[in-house]
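Just so it is clear, the model here is predicted, and its values are computed rather than measured.
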Amino acid sequence: MYKISKKSEYFLYKYLNAYSPTVDAQKIWMKYIEQYSDSIETDNYGTVVGVINQKNTFKIVIEAHVDEMTWYVNYITDDGIIYVALNGRGRPLTHSKRVNIHTKNGIIDGLLPYKTPTFIDIGASNKKEVENLGVNVGCMVTYPDDFFIMNNKYFVGRALYNKIGGFIIAEVMRLIKEKNVVLPYGLYVRNSVQVGNNINPNIAIITDVCHDTSIFDKKINGEVKSGLGPVINYSPSIHNNLREQIIFIANKNNLSFQRLVSPSPPPLCTDAYYNNGVISALISIPIRYMNTTVEMANKKDIENCIHLMFEILKNIDINENFKYLENHLS
């Protein structure tokens, strides 16, 4: 059974504490996977792809995405008070907090005292003083909360959604290289900033997070609990036959998992592949308090997910005919 090492835990610590909007997190992730990749690809927006066996024509993608609660400086009053706007993702604001304002001159400390009205105080007397510090409309705002481990079993941080997925796919790549696993296909380990499908794989397996539904209505949200294993998702955009292969491999290796229905809409990370006819599946990590500065994920779930994905990539049958229907006309 896979266990997270101290070295891997240190990588996770640096990765989660780095800021996503400034691409610092992607730089750390890319440096970590370089030693396990045959080649590295990047796009214009900071997506990073580590590649193994690029010459193989059959391609499998394993993917996560980089995310973090962020806002833009939207308006500065004559009295030096800063108002912010959501970055378009609809995340809630957490008040009574310290914040970081990212400027060309570096990070400026600020205070976000109230949820309504939402403003930031940086101790400036007027607008000119704010601007002299390098703060202008369009500057990004993040939280400074650091990653820590609680009760020796929960990873807690401000950006587990979905940097924990990036950690998982990086560890899977490390295991493949260190254990000298020979893959009969090209493997593309994609940590995306921008959702898309520019690799055109045959199969895509996505990692994301979902809610631990302990405090939600289970009749509506399903029953998922941290510590009981990664979550295998059901949705119109998820391929039934690939999902059944994954379940078979999990059972064969005695790896615990949970099931969750994720109807579309809302859109899933698999939709970009589904819309292009790519066979895709989604495996999620249940977390508590999503979209807060104290998101929680159970260490055991993460370890089981890494082990499961490693076994999937070792044992997946790429010669299987995944089509639901066959054309029998001669």
Side-chain angles (χ1 to χ4, degrees), residues 1-2 4 12 60-67 155 160-176 187-192 195 197 201-213 221-264 266-274 278-288 290 295 297-318 322:
M1 183 68 71
Y2 166 85
I4 296 173
L12 177 62
I60 294 182
V61 165
I62 58 173
E63 180 170 330
H65 65 274
V66 185
D67 218 341
F155 290 164
L160 298 185
Y161 174 28
N162 178 36
K163 286 186 189 175
I164 204 65
F167 172 72
I168 287 167
I169 60 175
E171 283 297 279
V172 171
M173 179 176 240
R174 179 182 67 80
L175 289 176
I176 287 169
L187 178 64
Y188 292 72
V189 183
R190 186 176 191 268
N191 203 12
S192 66
V195 175
N197 173 22
N202 301 86
I203 293 174
I205 302 172
I206 316 301
T207 58
D208 204 342
V209 300
C210 62
H211 287 286
D212 176 324
T213 62
N221 298 282
E223 186 170 13
V224 172
K225 189 173 182 180
S226 296
L228 299 184
V231 176
I232 296 176
N233 291 261
Y234 289 71
S235 168
S237 65
I238 291 169
H239 201 282
N240 295 338
N241 295 341
L242 175 59
R243 184 188 60 245
E244 291 309 308
Q245 265 208 34
I246 291 171
I247 290 172
F248 174 81
I249 292 169
N251 286 328
K252 183 178 178 181
N253 289 276
N254 295 315
L255 294 170
S256 61
F257 64 89
Q258 304 175 78
R259 304 173 196 253
L260 178 68
V261 173
S262 305
S264 295
L268 297 176
C269 297
T270 51
D271 287 356
Y273 293 100
Y274 165 74
V278 176
I279 298 160
S280 56
L282 175 63
I283 304 174
S284 303
I285 296 296
I287 66 170
R288 297 179 184 174
M290 192 185 299
E295 295 174 336
N298 192 291
K299 182 177 179 179
K300 185 166 64 174
D301 291 338
I302 298 164
E303 291 174 334
N304 283 348
C305 187
I306 292 167
H307 192 161
L308 174 58
M309 290 195 68
F310 177 63
E311 293 297 334
I312 291 167
L313 295 178
K314 282 199 309 178
N315 295 289
I316 194 165
D317 184 3
I318 63 173
F322 286 94

Gap between atom [atom2] of [Y] and atom [atom1] of [X] - 0.5 Å precision:
{"X": "Phe310", "Y": "Asn253", "atom1": "CZ", "atom2": "CG", "result": "10.0 Å"}
{"X": "Tyr161", "Y": "Ile287", "atom1": "OH", "atom2": "CD1", "result": "8.5 Å"}
{"X": "Arg174", "Y": "Tyr2", "atom1": "CZ", "atom2": "OH", "result": "5.5 Å"}
{"X": "Leu282", "Y": "Tyr234", "atom1": "CG", "atom2": "OH", "result": "12.5 Å"}

Minimum heavy-atom separation for [X] to [Y], with atom names?
{"X": "Ile283", "Y": "Cys305", "result": "CG2-SG, 3.8 Å"}
{"X": "Ala281", "Y": "Ile246", "result": "CB-CD1, 3.6 Å"}
{"X": "Phe257", "Y": "Ile232", "result": "CD1-CD1, 3.7 Å"}
{"X": "Ala64", "Y": "Gly166", "result": "CB-N, 3.3 Å"}
{"X": "Gly229", "Y": "Asn304", "result": "CA-ND2, 4.5 Å"}
{"X": "Ile176", "Y": "Leu313", "result": "CD1-CD1, 3.7 Å"}

* Glu223, CD: over 12 other non-hydrogen atoms inside 6.0 angstrom ->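 Not more than 12 within 6.0 Å, no.
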* To do: Test side-chain contact (heavy atoms from CB on, under 4.5 Å) on Val224 and Cys210 and set out the steps.
  => CA-CA 9 Å; Val224 172; Cys210 62; 4.2 Å; yes
Measure from the side-chain N and O atoms of [X] to the backbone N and O of [Y], and report whether any donor-acceptor pair falls under 3.5 Å.
{"X": "Ser280", "Y": "Ala204", "value": "no"}
{"X": "Ser235", "Y": "Ser262", "value": "yes"}
{"X": "Asn298", "Y": "Lys300", "value": "yes"}
{"X": "Asn233", "Y": "Val231", "value": "yes"}
{"X": "His239", "Y": "Phe322", "value": "yes"}

* Asked: Taking only residues two or more places apart in sequence, or in another chain, which ones meet Asp317 in a side-chain contact (heavy atoms from CB on, under 4.5 Å)?
  ->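 Only Gln245, Asn319, Glu320 meet the side-chain contact (heavy atoms from CB on, under 4.5 Å) criterion with Asp317.
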* To do: Could you give me the CA-CA distance, side-chain angles and deciding distance for Asp208 and His65, then say whether side-chain contact (heavy atoms from CB on, under 4.5 Å) is met?
  => CA-CA 8 Å; Asp208 204 342; His65 65 274; 3.5 Å; yes
With a 4.5 Å limit on heavy-atom distance, are the side chains of [X] and [Y] in contact?
{"X": "Leu242", "Y": "Ile316", "result": "yes"}
{"X": "Leu160", "Y": "Val209", "result": "no"}
{"X": "Leu260", "Y": "Ser284", "result": "no"}
{"X": "Thr207", "Y": "Ile62", "result": "no"}
{"X": "Met290", "Y": "Asp212", "result": "no"}
{"X": "Ile238", "Y": "Tyr274", "result": "no"}
{"X": "Asp301", "Y": "Ser226", "result": "yes"}
{"X": "Ile164", "Y": "Leu12", "result": "yes"}

Report the residues that fulfil salt bridge (charged side-chain N to carboxylate O under 4.0 Å, His left out) with [X], sequence neighbours left out, ordered by chain and then residue number.
{"X": "Arg243", "answer": "none"}
{"X": "Lys299", "answer": "Glu9"}
{"X": "Glu295", "answer": "none"}

* **side chain to side chain contact (heavy atoms under 4.5 Å, CB included), paired with Glu63, selected from Ile169, Ile205, Val189, Ile206** => Ile206
* Asked: Can you list the steps and then say if Met1 with Leu255 is a side-chain contact (heavy atoms from CB on, under 4.5 Å)?
  -> CA-CA 9 Å; Met1 183 68 71; Leu255 294 170; 3.6 Å; yes
* Worked check of side-chain contact (heavy atoms from CB on, under 4.5 Å) between Ile168 and Ile302 -> CA-CA 7 Å; Ile168 287 167; Ile302 298 164; 4.0 Å; yes
* **Within residues 302-316 or reaching into it, pairs that qualify as salt bridge (Lys or Arg N to Asp or Glu O under 4.0 Å) - sequence neighbours excluded** => Lys3-Glu303, Glu311-Lys314
* To do: With sequence neighbours excluded, tell me which residues meet ring pair (Phe, Tyr, Trp, His ring centres under 6.0 Å) with His211.
  => Phe216
